[in-house]
2 protein chains.
Amino acid sequence: MSSETVKRPPSGPRAEAKRQAIVRAARELFLREGFGVGMDAIAAEAGVSKVTVYNHFGSKEALFTAVITSALDEPLAGASPATLEGLTEAEDLRAAFIDAARAWVHAVRTNREVAALRNLIAAEAHRFPELGHAWKSHGPASHHPAVAGALRTLADQGRLVIPDLETAIIQLYALLVFPHMVFGSYGTQIDDDLTNRLVIGGVDMFLDHYGPNQT
Amino acid sequence: MSSETVKRPPSGPRAEAKRQAIVRAARELFLREGFGVGMDAIAAEAGVSKVTVYNHFGSKEALFTAVITSALDEPLAGASPATLEGLTEAEDLRAAFIDAARAWVHAVRTNREVAALRNLIAAEAHRFPELGHAWKSHGPASHHPAVAGALRTLADQGRLVIPDLETAIIQLYALLVFPHMVFGSYGTQIDDDLTNRLVIGGVDMFLDHYGPNQT
DNA sequence: CAACTGAACTGAACCGTTGAGTTCATCTGA
DNA sequence: TCAGATGAACTCAACGGTTCAGTTCAGTTG
């Protein structure tokens with residue numbers, strides 16, 4: 001009888017290179033054209049034979065999930081945790097807050113791919129139910145704890161008065177990053193000037209409300 | 001020569017009923033299954049022959065745009081403009097503000113279909129470029145002027161101090177409705193209790209910052 | 001009321017295309 | 001040598017859209 005080779009993904013150094021090229025091309029095309037893009041197009045974009053694609057990933061759906069999961073681990077959070085940490089020991093809280101907010105907003109604004117990914121997943125969620133969960137857990141929840149920790153520390157230091165931490169966190173997100181996410185999903189972008197005013201105004205509003213001077 | 005009948009959509013009482021049934025079924029299936037759903041399925045769901053569908057709408061794309069545009073005119077804004085108007089002549093500004101905000105948030109939260117529609121359009125935007133524009137103009141921009149008017153009036157009355165109206169409007173949206181839109185597009189919903197805290201906290205934060213007592 | 005009319009509807013078969021996935025003989029490079 | 005890559009040709013199913021012969025139904029006429 002024959003050698004009974006069950007279909008397994010190829011391994012080896014060159015195989016890995018091809019694999020990366022395929023994922024990269026697939027990601028780009030999925031993002032640009034949606035899930036409806038053809039496998040031939042993906043193979044061509046990757047500079048690879050269609051058969052090779054099917055040797056690595058057994059199906060289009062498997063390739064799609066591979067793209068999503070790989071994209072999930074990669075660009076997480078940007079530089080936000082570092083600046084968030086520095087917040088608790090800053091001398092000028094408002095200035096440090098504005099700096100951190102600016103970096104954070106910049107990360108959200110430039111990563112247009114993240115928004116596109118979210119739309120893709122939402123649109124194709126019915127075909128990949130388990131992907132929604134993976135996305136949600138890797139989404140904003142990832143550096144959510146960092147923000148929570150920073151706010152709690154500031155409250156413990158007496159520099160902020162936060163009666164309801166959960167609400168405060170969402171409000172902070174809302175004032176700083178949600179506008180860019182919402183407008184982005186509408187296809188429009190907030191210009192630099194308005195972005196700046198939103199950062200400063202948002203921070204001032206937040207500190208105005210939760211600062212120790214006020215009730 | 002022959003009767004030269006150019007293809008025109010059927011008219012008459014019975015035709016109109018069928019047409020509505022088709023649009024309703026198509027909307028439901030597009031929302032649930034995405035644009036990839038088959039015309040046969042839509043016809044079946046509408047209790048109608050596929051030919052009838054093609055007699056009314058010449059193509060799948062035409063049907064899709066019909067669904068979108070019909071959905072655009074229908075549930076607009078809810079009851080927000082009325083409550084917004086009452087704001088400028090309310091005795092207790094905070095209480096009236098909270099009432100208005102609650103109604104507004106409720107409208108956004110219950111209309112889960114609106115969010116799903118937005119995702120659909122975003123996902124299929126490359127196939128229907130003109131639809132994105134129609135959506136944007138009918139989206140939040142529709143009662144945006146009402147909010148702007150109310151805030152301006154309150155500022156003129158001296159009950160609010162708003163140096164930057166554009167920023168203030170976005171902040172109001174951000175504090176009250178954006179959280180529900182963002183979470184909704186992630187597939188999760190904000191529970192009633194947190195919703196309530198966000199409404200009250202958001203209004204307090206806004207009034208705290210823009211009220212005449214503060215700078 | 002019965003017969004007629006014509007537009008709208010039906011059901012099923014059908015066509016052409018597209019796209020996922022496979023097969024296979026052949027090439028390539030460590 | 002041999003696993004992995006290649007390309008071209010192929011299968012198969014789904015889907016958009018059409019055709020057609022026959023049916024429903026609202027309204028009109030005698």
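Labels below follow one simple rule: chain letters A, B, ... track the order of the sequence lines, proteins then strands, and each chain is numbered from 1.
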Rounded to the nearest angstrom, tell me the gap between atom CZ in F64(B) and atom P in dG16(D).
13 Å
Apply side chain to side chain contact (heavy atoms under 4.5 Å, CB included) to the pair L175(B) and M205(A), showing each step before the final yes or no.
CA-CA 11 Å; L175(B) 286 173; M205(A) 203 172 189; 3.8 Å; yes
Please report, to 0.1 Å, the donor-acceptor pairs under 3.5 Å made by any side chain of residues 55-65 of chain B, with sequence neighbours excluded.
residue: S59(B); atom: OG; partner: A62(B); partner atom: N; Å: 3.1
residue: K60(B); atom: NZ; partner: F35(B); partner atom: O; Å: 2.9
residue: K60(B); atom: NZ; partner: V37(B); partner atom: O; Å: 3.0
residue: T65(B); atom: OG1; partner: A62(B); partner atom: O; Å: 2.8

A quick test of your reading: do over 12 heavy atoms of other residues, nucleotides or ligands sit less than 6.0 Å from CZ of R32(A)?
yes
Atom pair distance, as rounded to whole Å: NZ in K18(B) and P in dT23(D):
17 Å
Determine, stepwise, if the pair R102(A) / N196(A) fulfils side chain to side chain contact (heavy atoms under 4.5 Å, CB included).
CA-CA 8 Å; R102(A) 228 188 282 274; N196(A) 191 43; 2.3 Å; yes
Tell me which residues in residues 49-62 of chain B put a heavy atom below 4.0 Å from DNA chain C, sorted by number, or none.
S49(B), V51(B), T52(B), H56(B)
Would you give the length of the straight line joining atom NE2 of H180(B) to atom CG of L194(B), rounded to the nearest 0.5 angstrom?
7.5 Å
So, with a heavy-atom separation below 4.0 Å from DNA chain D, the residues of residues 37-46 of chain A are none
Side chain to side chain contact (heavy atoms under 4.5 Å, CB included) between F206(A) and L151(A), intermediate numbers included
CA-CA 12 Å; F206(A) 191 82; L151(A) 286 188; 4.2 Å; yes
E16(A) has an atom CD; how far is it from atom P of dA30(C), in whole Å?
17 Å
For the aromatic rings, using the six-membered ring if either is Trp, is the centroid distance between F97(B) and W104(B) under 6.0 Å?
no
Between dC15(D) (C1') and L63(B) (CG): distance, integer Å:
15 Å
Between F128(A) and I121(A), does the side chain to side chain contact (heavy atoms under 4.5 Å, CB included) criterion hold? Intermediate values first, please.
CA-CA 8 Å; F128(A) 308 92; I121(A) 296 179; over 6 Å; no
